[in-house]
2 protein chains.
Amino acid sequence: MDDRAAKDELFDALASVAKVLGSGRRAEIVDVLAQGERAVDEIAQEIGQSVANTSQHLQHLLRSGLVHSRRDGTRIYYRLSGPGVAQLWAAVRLVASDHVAKLNELATAYLGDRSALSTLTRTELRDRMAGGDIVVLDVRPEPEFRSGHIAGAVSVPVKELAERLRELPDGHTVAAYCRGPYCVFADEAVRTLRRHGIPAVRLEDGYPEWEAAGLPVETSASTTPAGTS
Amino acid sequence: MDDRAAKDELFDALASVAKVLGSGRRAEIVDVLAQGERAVDEIAQEIGQSVANTSQHLQHLLRSGLVHSRRDGTRIYYRLSGPGVAQLWAAVRLVASDHVAKLNELATAYLGDRSALSTLTRTELRDRMAGGDIVVLDVRPEPEFRSGHIAGAVSVPVKELAERLRELPDGHTVAAYCRGPYCVFADEAVRTLRRHGIPAVRLEDGYPEWEAAGLPVETSASTTPAGTS
DNA sequence: GAGATAATCAAGTAAGTACTTGAATACTTG
DNA sequence: CAAGTATTCAAGTACTTACTTGATTATCTC
């Protein structure tokens, strides 16, 4: 019965997709690439690994088909090969948050205590934006803002936030967002703003989820029409 | 900066979910458990591995939270820990079919040439069932039928099909279904039926997808009301 | 309680993985 | 074409994984 071997190979091929996501470093890479394409050395810096090691992880992702790459001059830019990849990563996070016992503990160790920070869901934020009483802050690094952001958001990377508080209009609540539910930037931004007496909340998840939900986005170049909610 | 270590641990924990699905054998186990709970030796036989090895894979799945177990007498039954797990497995399959280059080739090697077999989507099948001109055949092993099947389906495991052809009413098309898109049983059933001159098609995916879509199902004991489509 | 069955555990082996270091390649700019 | 930058490749090491075999534990039946 050589059928067994064929079945094994088929399921190995299906599982190869999960296998390649089954490394924390590669998961971080996918989380970053869900914000838009990036060059190798930017990714390496983002995940805190050597360029050589990062390059090898990217080769893995490339071979398994989860990312594509393009060369521009001396730099090589990587991007997710399609929206299904970001959805898969979201499914992984969801199952982990439901079923991995120690996840809350690890999240608190990295993100700090979130219990004091109030959050908005995507639809709540959309409705508040329509009301006009809220300022939306994209606190990710600027290149990520440029490759796509919530329509109407202002870019203030969290590193520059403390110095740029004067730019914020008075009398408005600020809603900060970043990469996703396990991204620190928005938490940090909310804490900074509150320390200065500015009412602030964070978006529950991040930009990729907003985009995937068909809510209105823009890039530095063009503006998309509002999607169906 | 010890923040890096905390971030690494968090993403390792998120990725652990993908890692445990990243073995072809464990993926097969999840595919089987998506049909309902099973005992260790049944699973071992299903995936063609030793009981000891299967048990160890199940321990992995248990530790990572993807499955739960319960003891009944001398047997230990495993089941998926929630609907999110089946959804994750579906997301993995989808990304694989979109982006893994050699997948079609491997699928053909295992499943045979499918080009001659026509398929119905879930909604097409539901509509044909409402019309009453179609017989729906569940060709999975009987225990899987018992733990849940499409409402109105008849159980004829593919191994018994050739001997039970007389049971089928004349003048109807037969729609066969099994575990999912990479399950051979329905393909085999359609080929057998056609060889005997009975018009037959297969459901595009399988029982777990039908159930997840909220379409009407029953178990050997009870019948659920038709869900929203 | 003896015997049978189902599952797990423990130890061993072969193969694979993650990271490091240093060299090689590809392209750009002067 | 020489020098510089971005990336990949190759080789090495420490660690992990998948499977095997044989022994052990848990429960049921008589």
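Proteins get letters first, then strands, A, B, ... in listed order; numbering begins at 1 in each.
- Here the side chain of A/R26 is nearest to one of C/dA18, D/dC19, C/dT20, namely C/dA18.
- For A/S23, the side-chain atoms get nearest to C/dA18 when compared with the rest of D/dT5, D/dT7, C/dA18.
- On a pure distance criterion of 3.5 Å, no polar donor-acceptor pair joins the side chain of B/Q56 and the base of D/dT17.
- As judged by a 4.0 angstrom heavy-atom cut-off over every strand, B/V51 is placed among the base-contacting residues.
- Contact annotation for B/Y78: backbone-only contact, meaning every heavy-atom pair under 4.0 Å involves sugar-phosphate atoms and none involves a base.
- At least one side-chain nitrogen or oxygen of B/K19 sits closer than 4.0 Å to the OP1 or OP2 atom of D/dT17.
- Comparing atom distances between the B/R75 side chain and each of D/dA6, D/dA26, C/dA6 picks out C/dA6 as nearest.
- Here B/R75 pairs with B/D41 in a salt bridge; the nearest charged N to carboxylate O distance falls below 4.0 Å.
- Taking a cutoff of 4.0 Å between a charged side-chain nitrogen and a carboxylate oxygen, A/K102 and A/E105 do not qualify as a salt bridge.
- Dashed line: the shortest gap from a side-chain N or O of B/S50 to OP1 or OP2 of D/dT20 is under 4.0 Å.
- Using modelled atom types, one finds no donor on one side chain facing an acceptor on the other under 3.5 Å when comparing A/H57 with A/R25.
- Ranking D/dT20, D/dT8, C/dC19 by closeness to the A/A52 side chain, first place goes to D/dT8.
- Between A/D187 and A/R114, at least one side-chain nitrogen of the basic residue sits less than 4.0 Å from a carboxylate oxygen of the acidic one, meeting the salt-bridge criterion.
- Using a 4.0 Å heavy-atom cutoff across all strands shown, B/D41 reaches sugar-phosphate atoms only and no base atom.
- Side-chain nitrogen and oxygen atoms of B/H57 include at least one within less than 4.0 Å of the OP1 or OP2 phosphate oxygen of D/dC19.
- In this structure, A/S55 does not reach the D/dT7 phosphate: none of its side-chain N or O atoms is under 4.0 Å from OP1 or OP2.
- When the nearest nucleotides of DNA chain C are assigned to A/G73 and A/R25 by heavy-atom distance, the more 5′-ward of the two goes with A/R25.
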